[in-house]
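For reference, the structure is listed below as structure tokens.
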Number of protein chains: 2
Amino acid sequence: MKSKRVVIAGMGFGGIRAAKVLAGSGLDVLLLDRNNYHLFQPLLYQVATAGLEQESIAHSVRAMARSWSGTKFHLGEMTGVDFASREIRTDTGNLQYDYLVIGAGSVTNFFGLESVERHSFDLKELADAETLRNHILTSFERAVIEPDPARKRALMTFVIVGGGPTGVEFAGALIELVHFVLAKDYPDLSTDAARVVLVEATDKLLASMPEKLRAYTLKKLRSMSVEVLLNARVVDAGPERVVLHDGAVIPAHTLFWSAGVKAAPLAAVLDIPQKAGGRIPVEPDLTLSGHPDVYVIGDMAYLEQDGSLLPMIAPVAMQMGIYAGRAILAKQAGTTLPPFCYHDKGSMATIGRNAAVASAFGMNFRGYFAWLVWLLLHLYYLIGFRNRIVVMLNWVWYYWFHERQVRLITRRAGQSYE
Amino acid sequence: MKSKRVVIAGMGFGGIRAAKVLAGSGLDVLLLDRNNYHLFQPLLYQVATAGLEQESIAHSVRAMARSWSGTKFHLGEMTGVDFASREIRTDTGNLQYDYLVIGAGSVTNFFGLESVERHSFDLKELADAETLRNHILTSFERAVIEPDPARKRALMTFVIVGGGPTGVEFAGALIELVHFVLAKDYPDLSTDAARVVLVEATDKLLASMPEKLRAYTLKKLRSMSVEVLLNARVVDAGPERVVLHDGAVIPAHTLFWSAGVKAAPLAAVLDIPQKAGGRIPVEPDLTLSGHPDVYVIGDMAYLEQDGSLLPMIAPVAMQMGIYAGRAILAKQAGTTLPPFCYHDKGSMATIGRNAAVASAFGMNFRGYFAWLVWLLLHLYYLIGFRNRIVVMLNWVWYYWFHERQVRLITRRAGQSYE
């Protein structure tokens, strides 16, 4: 009798965890992703600030699949699904499923601000990080030869929108890149004139953290010369300027948008009414209503717990992926699991070299100790033993020597490549 | 009194050596390159075969310049020179010089074969390596889902043109990638059906090496299942086929061209009659005739020694760069150097994991010992201590575990990026 087949669409944090649970279970497991690697998104900002090679935060799925019995990989992007015939459509062929796990993640949400979308950078894919790093370094190269003082300063002004972990971590890493590394690379440039401006729409950075850690983060960032503008919103942008809601204009050649994410566009083709952020509501067991063998996990899933919406973060995706895998195994065994329950193990954010905030085990940590915990946890979840070594090596160079070793502009503006 | 200024155009092997000699000499040194890094070209094929990250073979020039007193960097591409006013033109501004060292290197020579140029890959720039790696891995992904057996095989057929060190090293690395690494990644694919075909126009591989080593190389490559076609020339190519001079057609989706190089296009705008390979003839002191303060070094220079033309290889460029630097210092001191004399310290090529050939100190080496020497020499000349560690780490993974850790398709075909 032919084995039942599970198709897992999306090799992010959720899909990978589901794959691990289902490996060697006797089911045929087919992994699908438009890229041939799993990307460790939380460290994208370190590639963007020249601290890590792009390859060290990505790991080939086929390499992982080698040790997963009964598991295959198919390179392709899911474009739709026919629930009746239990078939998904991809750009490289259709695939039959008995069970389907969809975890295609999220994309940046520009909230309809078209000019902002056109003139800003974001960090969701590997190429985004390389593009942003090239842009930052090229901006400084242009600043060196720019005769007009106002344009020179605008070239060295970086506006970051969004005071969540992504914005905070990027702001800290960027200001340190400028002051400790680029200041030495560009002795002729007055890098003190560089500005990193963090714009947050509410009155809080790191809204999910306790008040004490938020206050510490704000104080630390400002002491590092990051300008933090609270209760401020970006409403418009051009190639060389950013406009705030109160009419303030910041001349800047770089706008980085990390103010929100929404479910991947795939959510719209599933023909299920979407909720806030484009997300798909799921049953307590993470299945789609009316389709008990189709699971939606991670950033695409809309699920409330204890009266609040589960956030679109990696730990949620990981736990959902594990649950979906176990639920499928339970079904095969003729049993069912209790409803999905997310266990919040805390959250953390780093604010630069040797400082971070972490809220876990019911306690708050900050400073050096929190940063060590942050390092170790990220290393633990990074996939690939060799990648861990490369990342550790880069972190030694960075945190010990204050050096960023990947200060390369790898694609020239205007150059076209295959 | 204002210091005299040396402009060094081109941060390849030659320009970097000149810069090292001139650092701290009291002269103003201005380094120019269209990229902000020095590229270690000999290892490009390892990036292309997923063995190294692209960043580990490139090193930021500004990082190097930090320790070079009196030295600055200007990002730009030299487009011409006005000898009379001692000024060079670049795409980011004009630069005055008192001394000029031009080492812009070489580009691939397709010998006028237009269809070949359109349908082949080469390895001269960093992006070339990433593009080729993506193509190789994507070809295997496509082969997995290809129903037609003939097309499947053509997707796994790789034709390499040129039996010099570049072609030999790439052929060896590619066949090993296929047999030892991809065979495990693609258990459903009959990777034994993959073909690596090395095409050489003459009857010799590694023409610059002694006969014994050439015979060893041929035997070793064939034992690794590389098909070596001697006395064969590629005359035409399409997206899925390669045509030889005798009418033979090889269905293949990948054509790699390493059959020759010619001087960078900059040579043509110097207004000096070019010789074979587009190279510029230089005086015995490496200066341009009639322009005693302008030096041309490396692949761009045409110079005979002992009746034969100096080859376009890295060691020649390095020695010329050192000489040009010293010649300038001698001029400042009111003396002159004897004419340039290239000291051939031998040559080497690796044929894959733990096998290489080397001819040095009047002796021939081959096999494991030669390969160790090859490793150490490449590590020695690789710039950047951290890069050396990353490369060593990758080589441990590769040579010990037979793993290639960078099996990532980093840019999807058809995807456009900034």
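Chain naming here is simple, since letters A, B, ... match the order of the sequence lines and numbering starts at 1 in each. Note that the structure is a prediction, hence the values are computed from the model and not measured.
Heavy-atom minimum distance, B:S60 versus A:D185: OG-OD2, 4.3 Å. B:N35 approaches A:I409 most closely through the heavy-atom pair OD1-O, 4.3 Å.
Most heavy-atom pairs under 4.5 Å with chain B, from the set A:E55, A:R66, A:E53: that is A:R66. Considering only heavy-atom pairs separated by less than 4.5 Å from chain A, the leading option among B:I389, B:N387, B:V406 is B:I389. The most heavy-atom pairs under 4.5 Å with chain B, out of A:I145, A:L126, A:L137, come from A:I145. By number of non-hydrogen pairs under 4.5 angstrom with chain B, the leading residue of A:A50, A:S56, A:G93, A:A63 is A:A63.
The NZ atom of A:K72 sits 4.0 Å away from the CG atom of B:D188 when rounded to the nearest 0.5 Å. With values rounded to the nearest 0.5 angstrom, A:Y37 atom OH is found 7.0 Å from B:T410 atom OG1. Here the OG1 atom belonging to B:T92 is positioned 9.0 Å from the CD atom belonging to A:E141, to the nearest 0.5 angstrom.
Contact of A:V144 with chain B is made through the side chain alone, with heavy-atom distances under 4.5 Å. Neither the backbone nor the side chain of A:A65 comes within less than 4.5 Å of any heavy atom of chain B. Heavy atoms of A:E130 lying under 4.5 Å from chain B belong exclusively to its side chain.
Residues B:K184 and A:R62 have side chains not in contact (no heavy-atom distance under 4.5 Å, counting atoms from C-beta outward).
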Evaluation steps, side chain to side chain contact (heavy atoms under 4.5 Å, CB included), between B:H59 and A:R407: CA-CA 8 Å; B:H59 200 78; A:R407 304 191 307 276; over 6 Å; no

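The neighbour count for A:R142 CZ, taken as heavy atoms of other residues, nucleotides or ligands under 6.0 Å away, does not exceed 12.
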